[in-house]
Amino acid sequence: MDNRSIGVFDSGLGGLTAVKQIMEEFPNESIVYFGDTGRVPYGTRSKDTIIKYVRGDIRFLEGLGVKLIVVACGTASSAALPEVQREFDTPVIGVVGATARAAVSKTKNGKIGVIGTTGTIHSGAYEKLIGEMSPDMVTYSQDCPLFVPLVENGHFNSQMTRLAVEEYLTDIRANGVDTLILGCTHYPLLKECIGEFMGDSVELIDSGAETAKALKSYFSAENLHGDNSAAQYSYYVSDNVDGFIHLGGMFLQREINGQVRKIDIEKY
Ligand code: DGL
């Protein structure tokens with residue numbers, strides 16, 4: 001039994017979609033979330049910059065004494081994690097492994113679509129991992145740089161969003177994928193719009209949800225389960241606290257009722 005908190009971070013708000021899933025899977029776990037809202041987006045930045053940011057984010061959460069860190073950011077998980085994971089004493093888990101495994105097990109025709117930020121898609125992390133897991137499978141990837149700003153501005157299923165979905169997903173749909181990885185933790189908020197465009201026969205894979213499910217066996221293996229009868233949630237951001245509380249509730253689909261504090265992430 002281990003009642004220390006789970007640390008979770010993202011470049012901003014997207015990781016809250018993973019936090020929502022972790023809260024549902026583990027009602028007795030306390031969670032500390034860091035959203036790097038002052039430096040978002042990560043998805044358009046160079047690999048070196050993402051690595052520098054991710055090191056600081058992990059150092060900050062590690063300093064709070066968390067038992068495990070979940071990198072709830074597709075970009076950070078794919079572009080930086082393989083390089084930095086072994087530098088820390090605290091276990092650090094990204095979203096790519098569990099998500100790729102879920103896609104490989106769910107596809108029936110072996111055609112998997114992957115969408116994400118430019119950083120995630122350019123890293124090739126999903127293609128590489130899926131290829132290692134199952135060499136016969138074919139992946140079709142597409143970066144969707146307008147999705148994050150659309151989500152952050154509340155355009156979950158507006159005309160603008162439908163146009164962007166059509167623009168980005170037409171080729172992937174034409175290739176006949178039956179499984180589509182939402183490789184960015186912002187994208188679950190576009191699920192309805194993406195689902196309508198792709199059709200019922202295409203299964204959408206939510207990276208936060210798959211990672212939360214995978215934590216269960218990890219916790220059991222490492223004896224990390226907590227049994228907090230009153231789990232605590234706290235949030236840290238590197239910019240505007242009010243903006244986070246307002247928009248974060250939409251990502252979390254519940255009110256942000258823990259404490260939200262601003263920190264200077266550049267110090268870490
Ligand atoms: N939530 C981030 C991800 O999963 C995207 C936002 C960003 O570009 O920083 O990739």
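Counting starts at 1 for both ligands and their atoms, following the listed order. This chain uses plain numbering: 1 for the first residue, then up along the sequence. Quick caveat, the model's predicted, so the values are computed rather than measured.
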Under 6.0 Å between the ring centres of F9 and Y33?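 Ring-ring flag for F9/Y33: false, centres at least 6.0 Å apart.
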Show the atoms of ligand 1 that are less than 4.0 angstrom away from any heavy atom in [X].
X   : value
G43 : 7 (C), 8 (O), 9 (O)
D10 : 1 (N), 2 (C)
S11 : 2 (C), 6 (C), 7 (C), 9 (O)

Tell me if a side-chain donor or acceptor on [X] pairs with a main-chain N or O of [Y] at a distance below 3.5 Å.
X    : Y    : value
E29  : G226 : yes
Q232 : A230 : yes
S123 : A79  : no

For L189 against M250, the heavy-atom pair lying closest together: CD2-O, 3.8 Å
Residues L16 and F251: closest non-hydrogen pair is CB-CB, 3.6 Å
For atom 4 (O) of ligand 1, closest protein heavy-atom neighbour: G74 N, 2.7 Å
Identify, for atom 10 (O) of ligand 1, the protein heavy atom at the shortest distance, and state residue, atom and that distance. T75 OG1, 2.6 Å
Below a 4.0 angstrom heavy-atom separation, can you tell me which part of C184, side chain or backbone, both or neither, approaches ligand 1? both
Could you tell me whether T117 approaches ligand 1 through its side chain, its backbone, both or neither, with non-hydrogen atoms closer than 4.0 Å?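 It is the side chain that touches ligand 1; the backbone stays farther off.
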Quick one: do the R39 and Y53 side chains pair a donor with an acceptor below 3.5 Å? no
Looking only at distances, can you tell me whether any N or O atom of T44, backbone or side chain, sits closer than 3.5 Å to an N or O atom of ligand 1?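 So ligand 1 has no N or O lying under 3.5 Å from an N or O of T44.
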Contact check, G12 vs ligand 1, heavy-atom distance below 4.0 Å: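 False for this residue.
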